[in-house]
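One structure is given below, encoded as C-alpha cells.
Computed from a prediction, not measured in an experiment: that's the story for all the values here. Here is the naming used below: chain letters follow the sequence lines, and residue numbers restart at 1 for every chain.
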Protein chains: 2
Amino acid sequence: MAKRKDLTTTSLAMLGLLALRPWTTYELAQQMERSLRNFWPRARSKLYEEPKHLVAHGLAVARREQVGRRPRTVYAITPAGREALREWLRRPGAPPALEYEAILKVFLADQGTKDDLLAQIRHIRAWAEAEQLRGQAFLREYATTGGPFPGRLGIIALMVSFLTRIDDGIHEWAAWAEEEVSRWPDVHAAPDKQLFQRLLEKSERHVAAD
Amino acid sequence: MAKRKDLTTTSLAMLGLLALRPWTTYELAQQMERSLRNFWPRARSKLYEEPKHLVAHGLAVARREQVGRRPRTVYAITPAGREALREWLRRPGAPPALEYEAILKVFLADQGTKDDLLAQIRHIRAWAEAEQLRGQAFLREYATTGGPFPGRLGIIALMVSFLTRIDDGIHEWAAWAEEEVSRWPDVHAAPDKQLFQRLLEKSERHVAAD
DNA sequence: TGCATTATCCTCCCAATGGGAATATCGCTA
DNA sequence: TAGCGATATTCCCATTGGGAGGATAATGCA
C-alpha cells in the first residue's frame, strides 16, 4: 500500500512536523488542524495516508506501539527525510490561493438587496473580529509559556504576524465597506466619479513608499 | 447527464455571471479565470459541466448556435434562476480558506538555512509587487473606460479594495520579515524577550481602535 | 494569396481531495 | 458502573484538479 504517487506538498508539510519531533498519526493530524489549517488546510481523513507515503519513500520510519489493547503508530523522520525536506525548502513555494465564498457573494451582490450586502459584510467583519481574538489568545499563551519549541520562536513570530495582518486587512476592509455601502441608496450605486482614479493613486503611493 | 447532485457554490457563481448577461460556456470559463480566480479558483475543465447542472435544475436555458461549422452553446438565466440566486445571496457565505505553499515553507524554515528563508521571503515579496502592478493596470482600465457593467462599479470598487488590501498586506509583511530576518544570526534566533507581548499589545490597540 | 498562429469550443480521463460515517479502545468523572 | 470525551484509525464516494486531446474559426503577416 501507499506505493506509487509522488510526494505532495501535504507530504512535505507532515515531514516538516516530523523534523521537530516524532508524533503519532493522530497527533500529526491534530497539528495539521491546529496550526497548518490557516495556510495549508487539508481534510482530516487524508492525513492518515501521508505518513505511509513518507515511509514508502524512506523519509520516515514507523514504530507500532500499544496503549493497553489499542495500537498506535509513532512516526519519526530519517536522515534521508531531513535531506528531502532541506531540498524542498530551497525551492520557491507556490503563490497563495484564496477561496472565499462570502466575498464571492459580495461580488454578486448587485443581484440581491442592499440589506443582504450589508449583512454579508457584517458577517465577514464578525468573523474577522473572532479571528483577532483567537490570535490574541494564541499570543497571550506564547507570551507567558514560550511555547513548546523555543528554537522556533522567531519563525512563530513571523507566522503570527502574517496571519494577523491578513485578519486585520479583512477586518479593516469590512469596516470600511460597511461604512461605504451604508451611504449608498442601493446596490447599484455608482461610486463617485474619481473613485477609481483615487484608488489608483493610493495604490501608487503605497507601492512607491516601500 | 448532469442529473443528480445539488448545486455547489461554483454553480451559483456561474449563475451569478449569467444574471449579468447571457454567455457562451467559453466566455463563462474565461470570466471565471479573469475575475473569480482571485476568490473562487476552479479548474477550467470543470467549468463546462456547471451550466448543464443549472439547466437540469431549471435555473438556466441553453441555446445551441452555429459559428460556421462549429457549434456553441449560449446560456441564459431563467426567472427561477434569479430567485435561486437571490435566495443564496441572503445566506452568509463560508469563511476564507487560504492555501499558501510559500508561507508553509516559511513555517518550516528552521529546517533549512537562513538564506533559503530570505530567498523565500523575497520571492513572496516579488509576487506581491507583481500583483500590485496587475491591480494598478486593472484600476487604470476602469478609471478610463468605466468597465462593461456601469451598474456594478460600486461593487467592483469594493472588490478591488479588498484584493489590493490582501496584496498590500502580504507585501508589507514580506518587507518587514525580510528586514527582521536579515538581522537574525540564523533561523533559530530567539526574538527579543517581549516580542510576543508587543505583538499582543499591538493587536489589542488595533482591535480597540475600530 | 497562403500560412501559421491564436482564439474559440468543447470532451474525456485519472489520480487526488473533501467530508462524512463507522469502529473501537482508553481514561476520567459523576 | 455507566457514560462521555479523547485517542486512534479505516473506509467510502462524489467531487475536484489538472492535463491531454481535438476540432474549427479568425487573425496577423509575408
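At the phosphate of C:dT8, neither OP1 nor OP2 sits under 4.0 Å from any side-chain N or O atom of B:T24. Residue B:K52 places at least one side-chain N or O under 4.0 Å from the OP1 or OP2 atom of C:dT11. Checking the phosphate oxygens (OP1, OP2) of D:dG17, a side-chain nitrogen or oxygen of B:R42 falls inside 4.0 Å. Contact check, B:T25 against C:dC10: a side-chain N or O comes under 4.0 Å of OP1 or OP2. Residue A:R70 places no side-chain N or O under 4.0 Å from the OP1 or OP2 atom of C:dC26. A sub-4.0 Å separation between OP1 or OP2 of C:dT8 and a side-chain N or O of B:Q30 is present. Taking only side-chain nitrogens and oxygens, A:Y26 comes nearer than 4.0 Å to OP1 or OP2 of D:dT7. Within the structure, a side-chain polar atom (N or O) of B:T73 is placed less than 4.0 Å from OP1 or OP2 of C:dC10.
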Intermediate values then yes/no, side chain to side chain contact (heavy atoms under 4.5 Å, CB included), A:R134 and A:N38 = CA-CA 12 Å; A:R134 280 200 337 124; A:N38 295 295; 3.7 Å; yes
Assess whether side chain to side chain contact (heavy atoms under 4.5 Å, CB included) is satisfied between B:L20 and B:I77, documenting all intermediate values.
-> CA-CA 9 Å; B:L20 305 179; B:I77 196 168; over 6 Å; no
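Comment: B:K114 does not engage B:E180 in a salt bridge, judged by the lack of any side-chain N to carboxylate O separation of less than 4.0 angstrom.
Within 4.0 Å of A:P41, counting heavy atoms only, lie sugar-phosphate atoms of the nucleic acid but no base atom.
Closest-nucleotide positions on DNA chain D for B:R69 and A:V74 were compared, and the one nearer the 5' end corresponds to A:V74. The nearest heavy atom of DNA chain C to B:V67 and to B:K46 marks one nucleotide each, and the one closer to the 5' end goes with B:V67. Remark on DNA chain C: of its neighbouring residues A:T10 and B:E27, the 5'-side contact belongs to B:E27, judged by nearest-heavy-atom nucleotide. The residue among B:S45 and A:R72 whose nearest nucleotide of DNA chain D is located toward the 5' end is A:R72.
Note: A:F162 and B:W173 have perpendicular aromatic rings, judged against thresholds of 30 and 60 degrees for the angle between ring planes.
For the pair A:E33 CD and C:dG19 P, the interatomic distance rounds to 11 Å; values are reported in whole Å. In this structure, the OH atom of B:Y48 is 18 Å from the P atom of C:dC13, given to the nearest Å. Distance CH2 (B:W40) to C1' (D:dT16): 12 Å, rounded to an integer number of Å. Nucleotide D:dA8 holds its C1' atom 16 Å from the CH2 atom of A:W23, rounded to whole Å.
When all heavy atoms of A:D110 and A:H188 are compared, the closest pair comes out as O-CE1, 3.2 Å.
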